[in-house]
Amino acid sequence: GMGLSVPEMSDLSPEEFTTLQREAGQKAYIEATKLIQKPYFQSLDRDDKKNKLSAIYRRNRKLVRDRIKYERRRTR
């Protein structure tokens, strides 16, 4: 599954965490939807597909999380 790490939850406020989940989820969903339509993706085995999709979700969470922290520093 797309599990969340404990550090990911512990260093964000509830509002920030909600933002992370929503925005990263939306971005990753759009990206994943495009990917799964590509013929090369269809040719991969199950593990490779899973790894590629997991990487998309991880990368998008990191991008949104970094932006949240950057904005937090700016507004303090």
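Sequence positions, counted from 1, serve as the residue numbers for this chain.
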State the CG-CG distance between Asp48 and Leu53, to the nearest 0.5 angstrom. 11.0 Å
If you measure from CD1 on Ile56 to CG on Asn51, what distance do you get to the nearest 0.5 Å? 11.5 Å
Under the rule for side-chain hydrogen bond (donor to acceptor under 3.5 Å, both in side chains), what residues qualify as partners of Glu15, not counting sequence neighbours? Ser13
When you look at NZ of Lys34, are more than 12 heavy atoms from neighbouring residues, nucleotides or ligands closer to it than 6.0 Å? no
Could you measure the distance from the CG atom of Leu63 to the NZ atom of Lys27? Nearest 0.5 Å is fine. 8.0 Å
Testing the basics here: between Glu16 and Asp11, what is the closest heavy-atom pair and its distance to 0.1 Å? OE1-O, 4.4 Å
With a 4.5 Å limit on heavy-atom distance, are the side chains of Gln26 and Tyr29 in contact? no
Would you list the atom pairs, donor with acceptor, under 3.5 Å between side chains in residues 36-43 and any protein atom, with sequence neighbours excluded?
{"unit_1": "Gln42", "atom_1": "NE2", "unit_2": "Ile36", "atom_2": "O", "d": "2.4"}
{"unit_1": "Ser43", "atom_1": "OG", "unit_2": "Tyr40", "atom_2": "O", "d": "2.6"}

Are Leu12 and Gln21 close enough that some pair of their side-chain heavy atoms sits under 4.5 Å apart? no
Salt bridge or not for Lys62 and Asp66, using N-O below 4.0 Å? yes
Applying the 4.5 Å side-chain criterion to the ILVMFWY set and letting contacts propagate, would Leu35 and Ile30 be lumped into a single cluster? no
Gap separating the CZ atom of Arg65 from the OG1 atom of Thr19, nearest 0.5 angstrom: 13.5 Å
Minimum heavy-atom separation for Ala28 and Asn60, please, with both atom names. CA-ND2, 3.7 Å
